[in-house]
There are 2 protein chains.
Amino acid sequence: MSVIRGARERARIEVTGAIKEEARRQLAAEGAARLSLRAVARELGMVSSALYRYFPSRDELLTALIIDAYDALGEAAEAALAATAGDRSGERWIAVCRATRTWALAHPHEYALLYGSPVPGYTAPQDTIAPASRVGLALVAIARDAHAAGELTAPANGPLPDEVGTDVERFAAEWASDLPKPTLAGLTAAWSQLFGLIGFEVFGHFHRVVEARDAFFDHSCAALARQVGL
Amino acid sequence: MSVIRGARERARIEVTGAIKEEARRQLAAEGAARLSLRAVARELGMVSSALYRYFPSRDELLTALIIDAYDALGEAAEAALAATAGDRSGERWIAVCRATRTWALAHPHEYALLYGSPVPGYTAPQDTIAPASRVGLALVAIARDAHAAGELTAPANGPLPDEVGTDVERFAAEWASDLPKPTLAGLTAAWSQLFGLIGFEVFGHFHRVVEARDAFFDHSCAALARQVGL
DNA sequence: TCAAAAACGAGAGCGCTGCTCTTGCATCGG
DNA sequence: CCGATGCAAGAGCAGCGCTCTCGTTTTTGA
């Protein structure tokens, strides 16, 4: 499957990579809305119709970029997770949150592609759901390690509604059966709330509201960790 | 200033309204990316160039829609605030959060325009910042009332970093000088986190993760309220 | 009151977009 | 070696935002 059969296939891989690379350049520079197939082709010295041999449509090219971006972000989060193995779980939480935020601030247009408005005619294909889960699973991993070390305190929220318990059980069966249900519910909420914090900063909603962004983010993430029970 | 001088000015107001109305229809149906000046003009039975007499560019038309959307969302939040005057602050918090979420779910494309990826060449003009603050100020109002009633407990977070305190003081001087600084910091975080919860739901990130959306949202909002000290 | 000024709708047109189809050439497999 | 396949190029279609001009209508001010 992954054996390169000949010069043709090798060339195909190379061109596909060059297209993605140039597209990523334009995405980072101008944003998804200004990403143009014709401009990519122009920059690569080919004619626009030739590009359709490699990507059947602009949306498919965008999807490829989305997957790559999810992977890059997931990589950053998992690197922070691995780098803090053994640390206190509160520190690890902050580290993963910080890594996520740092990546988002460094790649705002890619971040917008992942967590901003969905592309109009676009529904997430199967290939994106695994890469999209990596940040969340890194957060879950922290909680699992903390739980194993007995550092996990139960969230002080009210009783968990039954329907939420059902959702959480399905998740637990697939990923983290050892975590208490209220913790998993808190994790899910904290996961989305983390991206609320980051999204507001990247998209400019903190303009003239929060200026000490680093300190505010750390302080708010600490609150999230406490909400989860870390 | 707001006196209608003659038939021409009256017609202008009418046409401007019709354009916004049709544009809002297309925005709600297809999303901002598919909103086309030419299609709006076509639907209104005029030629596309005529539309430029009313809006100097597509971005200006979008900006007008953004302001209207912020106002509609703010109205919904403030209505929930007013409807729960006198209730316990936790109830009021949930009510405002629910109203915000309900509006977002009912107007996903408008919501995406407000809190999704910013439009490429777009920087929020002065006219949008007041309407954009209405939901946040509704949340602040709940905390102020709770504080006045002595129902507010101090957030159990760590000590507030000095830089965050400075931000918060600026905010307090302008809007809510009576609230304790840690509460204001918590409010700001909860404000963004609320839109993290809502955004994940509207943009489909809870697909196959959270199915009991209503219950999960209420439960998570209760946690937010506790984080603020309500 | 009447002419100058301003506002307006229609139309043509520019350069751009995503995408399709056809044509001719290079490469690959039997 | 030859038919099948892969590929780049070009022309072309429909749509887009936006500009400019032109004739008409309304408003304005001396």
Side-chain angles (χ1 to χ4, degrees), chain A residues 1 3-20 22-23 25-27 29-66 109 113 118-122, chain B residues 1-20 22-23 25-27 29-66 109 113 118-123:
Chain A
M1 190 49 103
V3 176
I4 298 178
R5 263 190 271 275
R8 191 154 239 171
E9 187 159 343
R10 176 181 300 273
R12 181 173 185 83
I13 291 174
E14 219 164 85
V15 173
T16 306
I19 292 171
K20 284 214 290 187
E22 175 60 29
R25 266 181 29 82
Q26 297 194 9
L27 170 63
E30 302 257 34
R34 290 215 203 283
L35 170 62
S36 141
L37 276 187
R38 294 182 105 113
V40 170
R42 213 178 299 131
E43 211 68 26
L44 261 54
M46 42 170 121
V47 90
S48 73
S49 59
L51 216 143
Y52 285 83
R53 299 268 174 199
Y54 301 90
F55 293 93
S57 75
R58 181 181 179 275
D59 276 3
E60 294 285 331
L61 175 56
L62 265 183
T63 300
L65 294 184
I66 288 176
H109 288 121
L113 202 55
V119 177
Y122 171 85
Chain B
M1 191 50 102
S2 67
V3 177
I4 299 177
R5 262 190 272 276
R8 187 151 241 170
E9 186 158 344
R10 175 180 301 272
R12 180 171 186 85
I13 291 174
E14 222 164 81
V15 174
T16 306
I19 292 171
K20 285 213 291 186
E22 176 58 31
R25 265 178 33 80
Q26 297 193 10
L27 169 63
E30 304 256 32
R34 291 215 201 286
L35 171 62
S36 139
L37 275 186
R38 291 181 108 113
V40 170
R42 212 178 300 132
E43 211 68 25
L44 261 54
M46 44 170 120
V47 90
S48 72
S49 59
L51 217 144
Y52 285 82
R53 301 269 177 201
Y54 301 88
F55 293 93
S57 75
R58 182 180 179 277
D59 276 3
E60 293 284 334
L61 175 55
L62 267 183
T63 300
L65 295 184
I66 288 176
H109 288 121
L113 202 54
V119 178
Y122 172 84
T123 47

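Residue numbers begin at 1 in each chain, while the letters A, B, ... track the order of the sequences.
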Distance, rounded to the nearest Å, where [X] contributes [atom1] and [N] contributes [atom2]:
{"X": "A:Arg58", "N": "C:dC16", "atom1": "CZ", "atom2": "P", "result": "17 Å"}
{"X": "B:Tyr52", "N": "C:dA12", "atom1": "OH", "atom2": "P", "result": "18 Å"}
{"X": "A:Gln26", "N": "C:dC16", "atom1": "CD", "atom2": "P", "result": "14 Å"}
{"X": "A:Ile19", "N": "C:dG18", "atom1": "CD1", "atom2": "P", "result": "13 Å"}
{"X": "A:Leu61", "N": "C:dT17", "atom1": "CG", "atom2": "C1'", "result": "15 Å"}
{"X": "B:Phe55", "N": "C:dC8", "atom1": "CZ", "atom2": "C1'", "result": "16 Å"}
{"X": "A:Arg38", "N": "D:dA11", "atom1": "CZ", "atom2": "C1'", "result": "11 Å"}
{"X": "B:Asp59", "N": "D:dC16", "atom1": "CG", "atom2": "P", "result": "16 Å"}

Residue that, paired with A:Phe55, satisfies side chain to side chain contact (heavy atoms under 4.5 Å, CB included) out of A:Leu62, A:Thr63, A:Thr16: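 For A:Phe55, the side chain to side chain contact (heavy atoms under 4.5 Å, CB included) check succeeds only for A:Thr16.
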For B:Gln26, enumerate each residue passing the side chain to side chain donor-acceptor pair (under 3.5 Å) test, keeping only those at least two apart in sequence or located in another chain.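 Expected list: B:Glu22.
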I'd like a table of atom pairs between the protein and nucleotides 7-9 of chain D - only N or O on both sides, under 3.5 Å - with the distance next to each one.
from	atom 1	to	atom 2	distance (Å)
D:dC7	OP1	A:Arg12	NH1	3.3
D:dC7	OP2	A:Arg12	NH1	2.8
D:dA8	OP1	A:Tyr54	OH	2.8
D:dA8	OP2	A:Tyr54	OH	3.4
D:dA8	N6	A:Arg53	NH2	2.8
D:dA9	OP2	A:Val47	N	3.3
D:dA9	N7	A:Ser49	OG	3.2

How would you label the contact of A:Ser48 with the nucleic acid (heavy atoms, under 4.0 Å): base, sugar-phosphate, or nothing?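 Contact class for A:Ser48: base.
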Which part of the nucleic acid does A:Leu35 contact within heavy-atom distance under 4.0 Å: base, sugar-phosphate only, or nothing?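 Sugar-phosphate: the residue A:Leu35, judged by heavy atoms under 4.0 Å, touches backbone atoms but no base.
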Closest non-hydrogen atom pair, B:Lys20 against B:Ala64: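 Minimum heavy-atom separation between B:Lys20 and B:Ala64: CD-CB, 3.9 Å.
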Shortest non-hydrogen contact between B:Leu27 and B:Ala32, atoms and distance: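 Looks like CD1-N, 3.4 Å.
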Of all the choices, D:dG17, D:dC18, C:dC16, which nucleotide is nearest to the side chain of A:Arg42 once you look at every atom?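 Comparing D:dG17, D:dC18, C:dC16 against the side chain of A:Arg42, the answer is C:dC16.
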Under 3.5 Å, which donor-acceptor pairs link side chains of residues 35-45 of chain B to any protein atom two or more places apart or in another chain?
from	atom 1	to	atom 2	distance (Å)
B:Ser36	OG	B:Arg38	N	3.2
B:Ser36	OG	B:Ala39	N	2.9

Interatomic distance, A:Met46 atom CE to A:Ile19 atom CD1 [nearest 0.5 angstrom]: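 The distance works out to 4.5 Å.
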